[in-house]
Amino acid sequence: QVQLVESGGGLAQSGGSLRLSCVASGTSSNSRLYVMGWYRQTPGSDRELVASITPSGSPTYTNSVKGRFTISRDNAKRTISLQMDRLEPEDTAVYYCHAETQSEPYFQYVETWGRGTQVTVSS
C-alpha cells in the first residue's frame with residue numbers, strides 16, 4: 001500500500017552536487033517504514049544498492065560513493081534523502097527509492113519501489 005515518490009534528479013557537472021528526496025505515502029497508523037535506501041541502475045546493468053539507512057539512522061554505503069554521498073531520513077516526515085557531492089560521470093543512472101514496510105490490511109511485510117529519477121553527470 002505504501003507508495004514512494006522520488007524527486008531531485010537532473011543534470012549536474014562533474015564535481016557538482018544533487019540532492020535526491022523520497023517521500024512515502026501513508027501515516028504511522030496505517031504503515032511502518034523499516035530499512036530504506038537508494039538503488040541505481042544504468043541500461044544493461046543490474047540494479048545496485050547505493051546506500052541504505054535503518055530507522056535509527058545507521059547508514060550503509062557502497063564503496064564507490066563513500067565519502068561523497070550521505071543518506072539521511074526523517075521518520076516523522078516519512079522521507080529519506082541522498083545528498084550527492086563531488087559527482088562523477090559514473091554516477092549517471094536512474095536512482096530508485098526502496099523501502100521495507102508493514103502496511104494494512106494485516107501489516108504484513110512488503111517491499112516497495114519508487115518509479116525512479118534520472119541523474120545525469122556530464123564531464
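One-based numbering along the sequence shown.
Taking 4.5 Å as the limit, some side-chain heavy atom of Phe69 sits within range of a side-chain heavy atom of Asp91. For the pair Glu100/His98, a side-chain contact is recorded, criterion being any heavy-atom separation below 4.5 Å from C-beta on. At a threshold of 4.5 Å between non-hydrogen side-chain atoms, the residues Thr112 and Thr101 count as touching. Contact annotation: the side chain of Thr92 never approaches that of Glu90 to less than 4.5 Å [non-hydrogen atoms, C-beta and beyond]. The shortest distance between side-chain heavy atoms of Met84 and Val119 falls below 4.5 Å. Residues Thr117 and Leu20 are in side-chain contact: their nearest non-hydrogen atoms beyond the backbone lie under 4.5 Å apart. The shortest distance between side-chain heavy atoms of Ser52 and Trp38 does not fall below 4.5 Å.
Counting only N and O atoms by type, the side chains of Thr54 and Ser56 include a donor and acceptor under 3.5 Å apart. Residues Ser81 and Arg19 bring a donor and an acceptor atom of their side chains to less than 3.5 Å of each other. Side chains of Thr42 and Arg40: a donor-acceptor N/O pair is absent below 3.5 angstrom, by distance only. Using modelled atom types and a 3.5 Å distance limit, the side chains of Ser31 and Arg78 yield a donor-acceptor pair. Residues Tyr95 and Gln41 have side chains that never bring a donor and an acceptor to within less than 3.5 angstrom of each other. The closest side-chain donor-acceptor pair between Asp74 and Thr79, if any, does not fall under 3.5 angstrom.
For Ser122 (side chain) and Gln13 (main-chain N/O), no donor-acceptor pair under 3.5 Å exists by modelled atom type. In this structure, Asn75 contributes its side chain and Pro55 its backbone to a donor-acceptor pair below 3.5 Å.
The heavy-atom pair separating Pro59 from Gly57 by the smallest distance is CD-O, 3.3 Å. Of all heavy-atom pairs spanning Ser103 and Val110, the tightest one is OG-CG2, 4.4 Å. When all heavy atoms of Gln83 and Ser17 are compared, the closest pair comes out as NE2-CB, 4.0 Å. The two atoms that bring Leu4 and Cys22 nearest to each other are CB-SG, 3.9 Å, heavy atoms only. Scanning both residues, Arg73 and Tyr34, for their nearest heavy atoms gives NH1-O, 2.8 Å. In terms of heavy atoms, Ala24 sits closest to Val2 at CB-CG1, 3.9 Å.
Other residues, nucleotides and ligands contribute more than 12 heavy atoms inside 6.0 Å of the CD atom of Gln118.
Using a 4.0 Å cut-off between a side-chain N of Lys or Arg and a carboxylate O of Asp or Glu, Arg115 and Glu6 do not qualify as a salt bridge.
Clustering of Ile, Leu, Val, Met, Phe, Trp and Tyr by side-chain heavy atoms under 4.5 Å joins Tyr39 with Leu49, Val94, Tyr96, Trp113.
To the nearest 0.5 Å, atoms CD (Gln1) and CD (Gln102) are separated by 13.0 Å. Within the model, atoms OG1 of Thr120 and CG of Leu87 stand 10.5 Å from one another, a figure rounded to the nearest 0.5 Å. Residue Tyr61 holds its OH atom at 6.5 Å from CD1 of Ile71, rounded to the nearest 0.5 Å. With rounding to the nearest 0.5 Å, the separation of CD1 in Ile80 from CE in Met36 is 4.5 Å. The CG atom of Leu18 sits 9.5 Å away from the CG atom of Asp85 when rounded to the nearest 0.5 Å.
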